[in-house]
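Given the structure is predicted, the values throughout are model-derived calculations rather than measurements.
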Amino acid sequence: MNKTFVHQDLNAVIRQHSEWLANQLHSQRESLFPPDATKEMRKFTSGEAAALLGVNDSYLRKINLDGKGPSPELTAGNRRLYSAQDIQALRVLLEKTARKPGDYIPGRRDGDHLQVIGVMNFKGGSGKTTTSAHLAQRLALRGYRVLGIDLDPQASFTALHGVQPEFDLTDGGTLYDAIRYDDPEPIRAVIRKTYIPNLDLIPGNLELMEFEHETPRALSQGNAGLFFFRVKEALAQVDGDYDVVVIDCPPQLGFLTMSALSAATGVLVTIHPEMLDVMSMSQFLRMTADLMDVIAESGADMSHDWMRYALTRYEPQDAPQNRIVAFLRTMYGDAVLNSPMLKSTAISDAGLTKQTLYEVERSAFTRTTYDRALESLNALNDEVADLIQKTWGRS
């Protein structure tokens, strides 16, 4: 019996599978966010709004009864719901009568420098993008003016914020446009507003890889200059517009990552506390140090305000993980953030609909599961916010 085996070109198969997946993802987005396939931030209960503002719920009710500030939406059960825009308006109102500046709007003041946080690791599954997205959103909800930059060509950070690279970025629109060697655009041309007040986005897609390909060519021709300053110089154009920039770095130590490191004032390294991940991180840190030595020798100032390790996907009941966490804390001390991001089905389930935990309704999960995950995320992100405040000379 003769059997005929049909050979296919691998590139053709991969391209077909890519197009199938992109079309399915596009259909999913349109079914999740009809009719125009754009995302909106959910409403917050009065308790959640009060917690974000740092006031009592009763005080928030009094403001409403006095006819001040935005009017919340009232549900059938007479519960008050506030939009993210309402919360920002309340911040502005409360700041006018605050005991001290920054109680409700905690961002930069005169003399404070822009905080640029590079979130990095090149080990898959370390929670890098999840950490970046939740950090950017939490800081924005707390009143900081935030710019989120997706430097990862895989663009997961972009997808979490309602932009599908294959359909929405067909003609550029990434940071590459602002840092390319040939006729770069102003960085404002690639910044887009998001559905969250205070949070702007520079999305990413595969086009970012062009910077990795073009830099060696520019270096060989003597046209690259100090290539590692290109991200820093682009951000200087919008220095006064933001308090914090959160960069989701690529999962490799290429020219994009080197440029992001040169621009960063703070570095957050995500660690999944498993032995293989820690072993991988050892190589990652060594390679990073070697690359930074090369950049420093070229005249760059590689001093940073801070560098911290964030424990991600942590399972407190896992004895081997606890041993690794203890090992890391013994070795690095205060450089390891006190608050880990717990492994949670709530976080992963939110990701199924391309949302963060801050975007999904509490009612979609078991309350204890949701509350536990949210508490861990808030604690980690607020610890980073405290670092930012200390960098600005405030406690």
Exercise for the section: Could you tell me whether a side-chain N or O of Asp112 sits under 3.5 Å from a main-chain N or O of Arg109, the two making a donor and an acceptor? Expected result: yes

Exercise for the section: Indicate the atoms forming the closest heavy-atom contact of Pro273 with Ile324, along with that distance. Expected result: O-CD1, 3.7 Å

Fill in the blank from the handout: Residues at least two apart in sequence or cross-chain that pass side-chain hydrogen bond (donor to acceptor under 3.5 Å, both in side chains) with Tyr104, listed by chain then number, are none

Practice task
Might you work through the side-chain contact (heavy atoms from CB on, under 4.5 Å) test for Thr45 and Tyr82, ending with a clear yes or no?
Solution key: CA-CA 6 Å; Thr45 66; Tyr82 291 85; over 6 Å; no

Problem - Gap separating the CD1 atom of Ile191 from the CG atom of Asp200, nearest 0.5 angstrom - result: 6.5 Å

Practice task
Output yes when Lys62 and Asp66 qualify as a salt bridge under the 4.0 Å nitrogen-oxygen rule, no when they do not.
Solution key: yes

Handout entry: Any donor-acceptor pair under 3.5 Å from Arg80 side chain to Leu74 backbone
Key = no

Practice task
Would you mind reporting whether Phe157 and Leu201 have side-chain heavy atoms less than 4.5 Å apart?
Solution key: yes

Practice task
Report yes or no: do Val278 and Val325 belong to one cluster of Ile/Leu/Val/Met/Phe/Trp/Tyr joined by side chain heavy-atom distances under 4.5 Å?
Solution key: yes

Problem - Centroid separation Phe255 to Phe228 less than 6.0 Å - result: no

Exercise for the section: Ignoring hydrogens and angles, tell me if any N or O in the side chain of Gln88 forms a donor-acceptor pair with the backbone of Gln85 under 3.5 Å. Expected result: no

Problem - Leu53 side chain reached by Ile87 side chain, heavy atoms, under 4.5 Å - result: yes

Handout entry: Carboxylate-amine/guanidinium contact Arg308 Asp334, below 4.0 Å
Key = no

Handout entry: Side-chain donor/acceptor of Gln355 to backbone N/O of Ala350, under 3.5 Å
Key = no

Practice task
Would you give the length of the straight line joining atom CG of Asp152 to atom OG of Ser132, rounded to the nearest 0.5 angstrom?
Solution key: 9.0 Å

Exercise for the section: Just jot down the side-chain hydrogen bond (donor to acceptor under 3.5 Å, both in side chains) partners of Asp349, sequence neighbours excluded, or say none. Expected result: none

Handout entry: Student check: side-chain heavy atoms of Leu147 and Val246 closer than 4.5 Å
Key = no

Exercise for the section: Could you verify whether a donor N or O on one side chain and an acceptor N or O on the other, from Thr391 and Asp305, lie under 3.5 Å apart? Expected result: no

Handout entry: Single-linkage hydrophobic cluster, 4.5 Å side-chain cutoff, Leu352 and Phe365 together
Key = no

Problem - Arg142 to Tyr144 six-membered ring, cation-pi geometry met (6.0 Å, 45°) - result: no

Exercise for the section: Show the numbers, then the answer: is there a salt bridge (Lys or Arg N to Asp or Glu O under 4.0 Å) between Glu48 and Lys43? Expected result: CA-CA 10 Å; Glu48 289 175 320; Lys43 299 288 179 69; over 6 Å; no

Exercise for the section: Please tell me if the side chains of Pro72 and Ser46 come closer than 4.5 Å, counting only heavy atoms from C-beta onward. Expected result: no

Problem - Donor on one side chain, acceptor on other, Tyr195 and Glu359, under 3.5 Å - result: yes

Practice task
Flag the pair Met41 / Leu141 as yes when at least one side-chain heavy-atom distance between them is below 4.5 Å, and no otherwise.
Solution key: yes

Problem - Reported CG-to-CD1 distance for the pair Leu208 and Ile149, which is rounded to 0.5 angstrom - result: 10.5 Å

Exercise for the section: May I ask you to check whether Arg61 and Tyr59 show a side-chain donor-acceptor distance below 3.5 Å? Expected result: no

Problem - Nearest-0.5 Å distance that lies between atom CE in Met120 and atom NZ in Lys128 - result: 9.5 Å

Practice task
Spell out, as yes or no, whether a donor-acceptor pair under 3.5 Å connects the side chain of Thr194 to the backbone of Leu199.
Solution key: yes

Completion exercise
Exactly one candidate in Asp243, Asp239, Asp241 meets salt bridge (charged side-chain N to carboxylate O under 4.0 Å, His left out) with Arg108; the answer is Asp239

Completion exercise
Closest heavy-atom pair, Leu256 versus Pro250, reported as atoms and distance to 0.1 Å, is CB-CG, 3.8 Å

Problem - Path from Val384 to Leu52 over hydrophobic side-chain contacts below 4.5 Å - result: yes

Exercise for the section: Please answer: with hydrophobic residues joined when any side-chain heavy atoms are less than 4.5 Å apart, are Met331 and Leu311 in the same cluster? Expected result: yes

Handout entry: Distance-only polar pair, side chains of Asp371 and Thr368, donor-acceptor under 3.5 Å
Key = no

Fill in the blank from the handout: Closest heavy-atom pair, Ser262 versus Lys232, reported as atoms and distance to 0.1 Å, is O-CD, 3.9 Å

Practice task
Give a yes or no answer on whether the side chain of Thr356 reaches the backbone of Tyr358 with a donor-acceptor pair at less than 3.5 Å.
Solution key: yes

Problem - Shortest non-hydrogen separation from Phe211 to Ile179 and the atoms involved - result: CE1-O, 3.6 Å

Practice task
Looking only at non-hydrogen atoms, find the nearest pair between Arg42 and Val360 and report the distance.
Solution key: NE-O, 3.0 Å

Exercise for the section: Could you walk me through whether Leu60 and Leu90 pass side-chain contact (heavy atoms from CB on, under 4.5 Å), step by step? Expected result: CA-CA 9 Å; Leu60 212 54; Leu90 284 165; 3.9 Å; yes

Practice task
Look at the side chain of Thr257 and the backbone N and O of Gln252, then say whether any donor-acceptor pair between them is shorter than 3.5 Å.
Solution key: yes

Practice task
Report yes if some heavy atom in the side chain of Val146 is under 4.5 Å from a heavy atom in the side chain of Gln137; otherwise report no.
Solution key: no

Exercise for the section: Just do the side-chain contact (heavy atoms from CB on, under 4.5 Å) check on Ile247 and Ile117 with the steps written out, would you? Expected result: CA-CA 6 Å; Ile247 304 178; Ile117 302 172; over 6 Å; no

Problem - Cluster link Ile388 to Leu135, ILVMFWY, side chain under 4.5 Å - result: yes

Practice task
Enter the distance from Asp318:CG to Glu274:CD here, rounded to the nearest 0.5 Å.
Solution key: 6.0 Å

Exercise for the section: Evaluate the side-chain proximity of Gln115 to Val245: yes if any heavy-atom separation is below 4.5 Å, no if none is. Expected result: no

Problem - Separation between CZ of Arg188 and CD1 of Ile202, rounded to the nearest 0.5 Å - result: 11.0 Å

Handout entry: Donor-acceptor pair, side chain of Thr215 and main chain of Glu212, under 3.5 angstrom
Key = no

Fill in the blank from the handout: On a heavy-atom basis, the closest approach of Val231 and Ser259 is CG2-CB, 3.6 Å

Practice task
Measure from the side-chain N and O atoms of Asn322 to the backbone N and O of Pro316, and report whether any donor-acceptor pair falls under 3.5 Å.
Solution key: yes

Problem - Val55 side chain near Leu94 side chain, heavy-atom distance below 4.5 Å - result: yes

Handout entry: Pair Tyr176-Glu185, side-chain donor/acceptor within less than 3.5 Å
Key = no

Practice task
Look at the side chain of His134 and the backbone N and O of Leu357, then say whether any donor-acceptor pair between them is shorter than 3.5 Å.
Solution key: yes

Practice task
Show your reasoning for whether side-chain contact (heavy atoms from CB on, under 4.5 Å) applies to Lys343 and Tyr314.
Solution key: CA-CA 5 Å; Lys343 183 177 181 179; Tyr314 173 54; over 6 Å; no

